[in-house]
Amino acid sequence: MRSKIYFFIYMLFCNACTNQINVLEKNEHSENSNPFPIEPILILSSLNYQDVTMGETISLDIETNNDDEIESIHVLIVESGKPYDNETDVYYPSDDYFTGYNSYIMPAFKAGEWDYVAYAITKSNKKIYSNRVSIRVIYPDITFIQEDRESPFMSEMDAAWDEMLASSNAKDHCRREMGFIIYMTVSDIIGEDVTFYAGDLVYGRTNCSCSLPPNVTVTIDDEIIMGPDLPGRYAIAWFHTHPVNDCCGGGRNVGASNEDEMEAAKKELPGLVYDYVPTFGGIVGGYTDRNAEHVIYVFGPKRRTFK
């Protein structure tokens with residue numbers, strides 16, 4: 001999917017306009033900063049705010065009306081609302097993302113609220129900025145996993161379930177849970193699909209008491225965190241299995257437990273849990289066949305949140 005943003009930079013050059021350009025540069029184009037009747041730069045944008053999912057492409061069309069005066073055009077990104085005169089806060093995407101004359105396409109790399117600003121370098125070595133266009137880059141919605149048996153890492157979920165079964169011993173009442181973090185990798189190649197994959201399988205503790213439930217703790221440990229101008233790898237969800245219920249006589253609720261819900265809120269990550277289909281009223285009965293039907297339950301936020 002491609003999201004379009006248009007920056008229009010109209011430049012009127014004359015001898016009397018030089019000081020006006022300097023004033024506008026210093027004041028970042030405040031509507032009240034220009035004391036002159038004719039503005040040397042008129043900036044229009046067809047878009048002020050938009051949600052874009054990580055991995056989608058953002059297209060920028062930058063237009064000017066005085067190309068003879070322009071040496072080059074570039075784009076910068078800054079966290080929404082921050083000034084772009086502080087170099088430590090500014091990201092400068094590669095000019096390789098320019099695909100044609102003033103046409104600029106790049107992936108949405110990192111979740112967050114970002115301001116995209118175009119700027120022109122004139123032949124007289126002046127830097128003229130466009131207005132800001134704010135983009136909110138969001139993590140993907142992972143609920144599709146629940147319905148799609150062909151979705152990424154479904155085989156890893158099945159393998160985790162099988163390992164959970166193999167690690168459980170009905171005779172000794174021993175049960176165990178398995179889990180992993182789900183990651184996505186955003187490529188810097190336009191049009192290349194986002195890659196989803198499962199992190200390392202984590203083994204929960206073995207619990208051989210019917211009075212204490214087993215659990216598993218998974219942590220984010222494989223992220224590559226970069227800026228909004230570079231590809232990276234990010235956690236988007238966490239997965240775990242629930243244990244067999246053929247070891248003990250009592251029934252239990254299926255799907256996310258209260259502890260699971262609290263963990264999802266703490267991690268600010270969507271959760272997926274493999275568990276049995278209920279035998280009655282949302283409960284799986286005691287001594288249920290370990291090979292009974294099991295399904296994916298999704299809980300917590302539908303997408304990872306960001307600060």
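Because the structure is a prediction, the values reported are computed rather than measured.
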- Query: So does Lys266 have more than 12 non-hydrogen atoms from other groups sitting under 6.0 Å from NZ?
  - Reply: no

- Task: Without swapping roles, check the side chain of Arg304 against the backbone of Ala235 for a donor-acceptor pair under 3.5 Å.
- Result: yes

- Short side-chain to backbone donor-acceptor contact, Glu113 and Ser80, under 3.5 Å: no

- Message: If you define the side chain from C-beta out and look only at heavy atoms, does anything of Val216 sit under 4.5 Å from Met178?
- Response: no

- Given the rule in the ring-ring contact (aromatic ring centres under 6.0 Å, His included) test, do Tyr84 and Tyr129 qualify, once you have shown the distances and angles that lead to the verdict? CA-CA 10 Å; Tyr84 47 78; Tyr129 294 96; 4.4 Å; yes

- Below 4.0 angstrom, N of the basic side chain to O of the carboxylate: do Asp275 and Arg252 qualify? yes

- Task: Would you give the length of the straight line joining atom CG of Leu165 to atom CG of Asn291, rounded to the nearest 0.5 angstrom?
- Result: 6.5 Å

- Considering only NZ, NE, NH1 and NH2 on the basic side and carboxylate oxygens on the acidic side, decide whether Arg132 and Glu79 come within less than 4.0 Å. no

- Task: Would you give the length of the straight line joining atom CH2 of Trp161 to atom CD of Glu163, rounded to the nearest 0.5 angstrom?
- Result: 13.5 Å

- In this structure, CZ of Arg136 is separated from OG1 of Thr53 (nearest 0.5 Å) by 9.5 Å

- Separation between CE (Met54) and CD1 (Ile138), nearest 0.5 Å, reads 10.5 Å

- Check each of Thr195, Thr185, Ile225 against Arg233 using the side chain to side chain contact (heavy atoms under 4.5 Å, CB included) test, and report the only one that passes. Thr185

- From the list Phe109, Tyr234, Tyr91, side chain to side chain contact (heavy atoms under 4.5 Å, CB included) with Met226 holds only for Tyr234

- Donor-acceptor pair, side chain of Asp51 and main chain of Val137, under 3.5 angstrom: no

- Any luck finding a side-chain donor-acceptor pair between Asn207 and Arg176 under 3.5 Å? no

- Task: Taking the side chain as every heavy atom from C-beta outward, state whether Thr219 and Ile181 have any pair of such atoms under 4.5 Å apart.
- Result: no

- Taking atom types as modelled, find out whether Asp95 and Tyr104 have a side-chain donor-acceptor pair closer than 3.5 angstrom. no

- CZ on Arg303 to CD1 on Ile236, rounded to 0.5 Å: 10.5 Å

- What do the steps show when you test Lys302 against Glu268 for salt bridge (Lys or Arg N to Asp or Glu O under 4.0 Å), and what is the final call? CA-CA 10 Å; Lys302 71 177 184 178; Glu268 298 185 317; over 6 Å; no

- Message: Measuring only between side-chain heavy atoms, which start at C-beta, is Val186 closer than 4.5 Å to Glu56?
- Response: no

- Which residues satisfy the side chain to side chain contact (heavy atoms under 4.5 Å, CB included) test with Ala292, sequence neighbours excluded? Tyr276, Thr288

- Query: When you measure from the side chain of Ser257 to the backbone N and O of Asp260, does any donor-acceptor pair fall under 3.5 Å?
  - Reply: yes

- Do side-chain atoms of Thr57 reach the backbone of Ile105 as a donor and acceptor pair under 3.5 angstrom? no

- Task: State, without any angle test, whether Glu177 and Tyr203 hold a side-chain donor-acceptor pair at a distance under 3.5 Å.
- Result: no

- Are the ring centres of Phe196 and Tyr183 closer than 6.0 Å? no

